[in-house]
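Below is one structure, written out as structure tokens; the observations come after it.
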Amino acid sequence: MLFNSILTASLAILSSALFVEARKSKTHDVIVGGAAGLVYTPNQVYADPGDKVKFHFQFKNHTVTQSSFDEPCEPLKGGFDSGFMPVGMDVKNGPTFTIKVKDYDPIWVHCEQIDHCPSGMVFAVNAPKKGNTFKKFLKKAKASGKDNYHDGGSYKRSDEDAEEDIEEKRSLGSTLPVSATLDKRGGLGTPLPASATIGKPKPTTSRRKRGLGSPLPASVTIGKPKPSTSKRN
């Protein structure tokens, strides 16, 4: 009788331990950026304590930075931060960053890159379905600052960034002319003919004298005439 009780208790403990271990081994995979754009895919997950969330970085330069519901685009003091993870467009297996879920409390995340958070690049673990929902978190992020990446603003992106955008769009199948131009924000402007140039025009080497509105014949000279070398009798 005592033996059976001990055996039953031991099996219960073993079963519980295996159950907990199985939960700990569950991993939620999240794509950071890439072809989907300035987003985490998926943008939220529900995880049990012991689960892991593994972030897979794709091309561009993003972060996985913990924030708070009240300040979606501000790093949380003492929170986790992957740091910037630059990834080239031709890289197939980029770097990863993993966090471990300790409880059912919500975890709020954003990307620290300029304008990415205000454009909606946020993520959550165990976001409440009522009250402080993920939808409200996303809305707060978009309202936190001017989204210069999409809407235009005072922030000027570099030509290098713009060229990366062109290459990115080409890689995704978009048809862009070779002569595609850059607008004032470093984005894509109106296509130019192949002979057009970008930047300030070079000064012309020819000069036109004031008062002349049409081409002159080859024999016409401008200025004071030179004294004749011939003598008239």
Side-chain angles (χ1 to χ4, degrees), residues 29-45 53-91 94-97 99 106-125 127 132-174 176 180-191 198-199:
D29 294 296
V30 179
I31 303 299
V32 183
L38 302 184
V39 292
Y40 298 93
T41 308
N43 58 12
Q44 62 175 318
V45 298
V53 181
K54 188 174 185 180
F55 297 89
H56 302 261
F57 290 84
Q58 295 192 355
F59 61 85
K60 290 289 186 181
N61 190 4
H62 301 292
T63 77
V64 171
T65 307
Q66 188 174 5
S67 59
S68 64
F69 180 83
D70 291 329
E71 296 182 305
C73 298
E74 293 294 328
L76 179 67
K77 186 176 181 180
F80 58 79
D81 185 7
S82 68
F84 286 94
M85 297 283 193
V87 181
M89 293 184 66
D90 57 342
V91 176
T96 62
F97 179 75
I99 62 172
I107 300 173
W108 309 105
V109 175
H110 75 289
C111 178
E112 270 286 277
Q113 186 60 270
I114 294 174
D115 290 333
H116 287 196
C117 182
S119 73
M121 194 166 186
V122 292
F123 173 83
V125 179
N132 293 343
T133 62
F134 178 79
K135 185 176 181 179
K136 290 181 179 178
F137 177 65
L138 177 60
K139 186 176 181 179
K140 275 178 170 283
K142 289 185 175 182
S144 66
K146 184 69 176 179
D147 177 10
N148 295 305
Y149 190 91
H150 290 98
D151 300 332
S154 60
Y155 171 70
K156 294 183 179 180
R157 301 170 65 241
S158 66
D159 288 349
E160 182 179 356
D161 290 336
E163 289 172 1
E164 287 180 2
D165 285 352
I166 293 174
E167 291 301 321
E168 178 182 339
K169 290 179 184 296
R170 283 185 179 137
S171 70
L172 297 178
S174 299
L176 291 175
T181 63
L182 311 178
D183 61 20
K184 292 181 180 179
R185 293 183 290 120
L188 295 178
T190 305
I198 300 173

Do Lys142 and Pro118 make a side-chain contact, defined as non-hydrogen atoms from C-beta onward lying under 4.5 Å apart?
no

Roughly how far apart are Lys60 NZ and Cys111 SG, rounded to 0.5 Å?
11.5 Å

Taking it one step at a time, do Val53 and Phe123 satisfy side chain to side chain contact (heavy atoms under 4.5 Å, CB included)?
CA-CA 11 Å; Val53 181; Phe123 173 83; 4.1 Å; yes

Taking all non-hydrogen atoms of both residues, which atom of Ala124 and which atom of Phe134 are closest, and how far apart?
CB-CD1, 3.6 Å

Would you mind reporting whether Ile31 and Gln58 have side-chain heavy atoms less than 4.5 Å apart?
yes

Quick one: closest heavy-atom pair of Thr63 and Tyr40, and the distance?
O-OH, 2.8 Å

Rounded to the nearest 0.5 Å, what separation is found between the OG1 atom of Thr96 and the NZ atom of Lys54?
4.5 Å

Side chains of Phe84 and His62 in contact at under 4.5 Å (non-hydrogen atoms):
no

Least distance between heavy atoms, Ala141 atom then Cys117 atom:
CB-O, 3.8 Å

From CA spacing to verdict: side chain to side chain contact (heavy atoms under 4.5 Å, CB included), Val30, His56
CA-CA 6 Å; Val30 179; His56 302 261; 5.9 Å; no

Of all heavy-atom pairs between Ala127 and Pro106, which one has the smallest distance, and what is that distance?
CA-CB, 4.3 Å

Kindly determine whether Phe59 and Val91 satisfy side chain to side chain contact (heavy atoms under 4.5 Å, CB included), including the steps that lead there.
CA-CA 7 Å; Phe59 61 85; Val91 176; over 6 Å; no

Nearest 0.5 Å, what's the NE2-SG distance between His116 and Cys73?
11.5 Å

Non-hydrogen side-chain atoms of Phe57 and Val64 separated by less than 4.5 Å:
yes

Rounded to the nearest 0.5 Å, what separates atom OG in Ser144 from atom CD in Glu74?
8.0 Å

Under 3.5 Å, is there a donor-acceptor pair linking the side chains of Glu112 and His110?
yes

Nearest 0.5 Å please: distance from the OG atom of Ser67 over to the CD1 atom of Ile107.
11.0 Å

Locate the shortest heavy-atom distance separating Val32 from Met121; write the atom from each residue and the value.
CG1-CE, 3.7 Å

Kindly assign one of parallel, tilted or perpendicular to the pair Trp108 and Phe69, based on the angle between their ring planes and the thresholds 30° and 60°.
tilted

Over all heavy atoms of both residues, which pair between Ser68 and Phe137 is shortest? Give the atoms and the distance, please.
O-CE1, 3.5 Å

Do Phe55 and Ile99 touch side chain to side chain, with heavy atoms closer than 4.5 Å?
yes

With heavy-atom distances below 4.5 Å as the criterion, would you say the side chains of Asn43 and Val122 are in contact?
no

Does Gln66 use its side chain to pair, donor to acceptor, with the backbone of Leu76 at less than 3.5 Å?
no

